[in-house]
Amino acid sequence: MTYTAAVSGATGYAGGEVLRLLAGHPEITVSTVTGHSTAGQRLGSLQPHLHALADMEVVETTPENLSGHDIVFLALPHGQSAEIAAQLPENTVVVDAGADHRLESSEAWDAFYGGDHAGHWPYGLPELIIDPSGAKQREKLGSATRIAVPGCYPTGSLLALAPAVAAGLVSTRDIVIVSASGTSGAGKASKPHLLGAEVMGSMSPYGVGGGHRHTPEIEQGLGWASGQDVSISFTPTLAPMPRGILTTATAPLTEGTTLETALKAYQDAYADELFIHVLPQGQWPTTKSVVGSNHVALQLAVDPHANRLIVSLVLDNLTKGTAGGAVQSVNIALGLPETAGLQHQGLAP
């Protein structure tokens, strides 16, 4: 069976990445691409790398244009997905790559986003441990017709720390996460601080002091994994590269935690995961190794001086951090092979 898909926000980075993956998907055909200011234009003039879809016309993002498809991907800014999603048929698989349906807490939504809270959909991170028993989010995605794709930073932060908090290897307080992201994470809109002349050869922090909108999402997911309240200090940084995230997360060790027990917990948690790789000891992850792929690589260490666990993890923010996670979750919801359309390896050099 072939499924039809519509992709909104098709001319942005996230929408373009969804289309790149779907162009190689054996069981999903892209029928409609939508935008706003780009409506009426040829997709190939806006996303010249999408040769297989180049002659499609971008149409206006409306419920009418998105209806009639088996799957709808909403790659829209926060606050814009909920109204459209509410007008789509219940049996359509709707995937929100924005923030509208990620948070359970209306208070957290109000504090970090503002406006009406649209509610919470099943979270599109299949490998995430969601309780101390080791159960995973994958179990909640089977037959789902509404899916909330995680933010790119939460994807890395949660996969880096969930095995540790679920196993009680670290404290859920005083967790520190620092992530460096490529500039595509800021979207395609023109911004002076993202000009090549500003970014090349320079790094800079932003959202410092607990103000980044992904903070409550990370705390939410680690709360599911640990069954406890969680507090984190999260600092994102902008790195001079188009794609990729390097996340380094640290947390205080609980009594009895050693490098050996930590390694076993991670190896057990991810042993059957095709996209997550715990690297051999001595090898540390690099962003280049996962560019363009749905793969995640990580390594961990124990710092006895500071009594902390350290986990470094890399992913592609547009693939596993957004579009890859979306396609992977749709595959599960439709009962397709989880790897369909996602067999790309990393790029080198």
Side-chain angles (χ1 to χ4, degrees), residues 13-14 17-18 21 73 75 78 95-103 120-130 136-138 140-141 147-166 175 177-182 184-187 207 212-225 230 232 234-237 239 243-249 266 269-270 273-278 285 287 289-298 311-332 338 342 344 346:
Y13 287 139
E17 188 73 349
V18 170
L21 298 178
F73 294 87
H78 78 267
V95 187
D96 185 4
D100 288 20
H101 300 95
R102 293 173 185 164
L103 297 179
H120 177 72
W121 288 356
Y123 199 58
L125 185 52
E127 303 95 341
L128 176 62
I129 297 172
I130 55 170
K136 291 186 177 177
Q137 181 65 17
R138 179 178 286 107
K140 296 191 175 185
L141 291 170
I147 297 168
V149 179
C152 53
Y153 285 129
T155 296
S157 299
L158 294 173
L159 294 176
L161 286 172
V165 299
I175 292 173
I177 303 169
V178 178
S179 294
S181 175
S184 60
H212 194 277
R213 287 170 167 164
H214 286 169
T215 298
E217 190 181 339
I218 298 170
E219 292 182 338
Q220 172 181 268
L222 294 179
W224 294 337
V230 175
I232 68 166
F234 173 58
T235 304
T237 62
R243 291 173 175 254
I245 289 179
L246 168 62
T247 290
T248 300
Y266 278 77
Y270 294 138
E273 297 296 349
L274 298 175
F275 294 119
I276 303 183
H277 310 279
V278 181
T287 56
S289 69
V290 294
V291 166
S293 80
N294 201 50
H295 292 271
V296 174
L298 66 90
V311 184
S312 285
L313 177 148
V314 294
L315 55 81
D316 185 315
N317 58 294
L318 290 180
T319 316
K320 181 58 175 174
T322 308
V327 172
Q328 184 181 351
S329 297
V330 165
N331 287 340
I332 295 168
E338 195 166 327
L342 298 172
H344 309 82

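Listed by chain and residue number, Leu103, Ala108, Phe112 satisfy the side chain to side chain contact (heavy atoms under 4.5 Å, CB included) test with Pro216 (two or more places apart in sequence, or in another chain). Remark: His212 pairs with Tyr153, Tyr206, His214, Phe234 by the ring pair (Phe, Tyr, Trp, His ring centres under 6.0 Å) rule, at least two apart or across chains. Legend: residues meeting side chain to side chain donor-acceptor pair (under 3.5 Å) with Ser289, ordered by chain and number and at least two apart, are absent. With sequence neighbours left out, Lys136 forms a side chain to side chain contact (heavy atoms under 4.5 Å, CB included) with Ile129, Arg138, Tyr270, Glu273. For His101, the side chain to side chain donor-acceptor pair (under 3.5 Å) partners at least two apart in sequence or on another chain are Asp96. Remark: His295 pairs with Phe275, His277, Val290, Ser293, Gln345 by the side chain to side chain contact (heavy atoms under 4.5 Å, CB included) rule, at least two apart or across chains. Here His344 pairs with Arg20, Leu21 under the side chain to side chain contact (heavy atoms under 4.5 Å, CB included) rule; sequence neighbours left out. Take Ser329 and apply the side chain to side chain donor-acceptor pair (under 3.5 Å) test, not counting sequence neighbours, and it matches no residue. Under the side chain to side chain donor-acceptor pair (under 3.5 Å) criterion, Ser179 pairs with Thr247, not counting sequence neighbours. With sequence neighbours excluded, the residues forming a salt bridge (charged side-chain N to carboxylate O under 4.0 Å, His left out) with Arg243 are Glu17, Asp316, listed by chain and number.
Here the NZ atom belonging to Lys320 is positioned 6.0 Å from the CD1 atom belonging to Ile276, to the nearest 0.5 angstrom. Between atom CG of residue Leu315 and atom SG of residue Cys152 there is a gap of 8.0 Å, rounded to the nearest 0.5 Å. Distance CG/Asn331 to CD/Glu338: 7.5 Å, rounded to 0.5 Å. Rounding to the nearest 0.5 Å gives a distance of 10.5 Å between CG of Asn294 and CG of Leu274. Distance check, rounded to the nearest 0.5 Å: OG of Ser181 to CG of Leu246 gives 10.5 Å. Separating the CG atom in Leu298 from the CG atom in Leu159 is a distance of 8.5 Å, to the nearest 0.5 Å.
Pro154 and Ile218 make their closest contact through CA-CG1, 3.8 Å (heavy atoms, listed as atom of the first residue, atom of the second, distance). Nearest heavy atoms, Ala326 versus Phe73: CB-CE2, 4.1 Å. Pairing each heavy atom of Ala160 with each of Leu313, the nearest pair is N-CD1, 3.7 Å. The heavy-atom pair separating Thr237 from Ala180 by the smallest distance is OG1-CA, 3.1 Å. Residues Tyr266 and Ala164 share a closest heavy-atom pair of OH-CB, 3.4 Å. The two residues Leu141 and Pro122 make their nearest non-hydrogen contact at CD2-CB, 4.1 Å.
Using a 4.5 Å heavy-atom threshold, the side chains of Leu125 and Leu158 count as touching. In this structure, Thr215 and Arg213 have side chains that are not in contact, with every pair of non-hydrogen atoms separated by 4.5 Å or more. Using a 4.5 Å heavy-atom threshold, the side chains of Thr248 and Ile177 count as separate.
Shown are Arg102, Lys140, Glu217; of these, the side chain to side chain donor-acceptor pair (under 3.5 Å) with Tyr123 is made only by Glu217.
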Subject >> side-chain contact (heavy atoms from CB on, under 4.5 Å) between Val165 and Val230, worked out >> reply: CA-CA 10 Å; Val165 299; Val230 175; 5.9 Å; no
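Asn317 and Ser184 form a side-chain donor-acceptor contact under 3.5 Å, judged by distance and modelled atom types alone.
With hydrogens and angles disregarded, no donor-acceptor distance shorter than 3.5 Å links the side chain of Gln137 to the backbone of Ile130.
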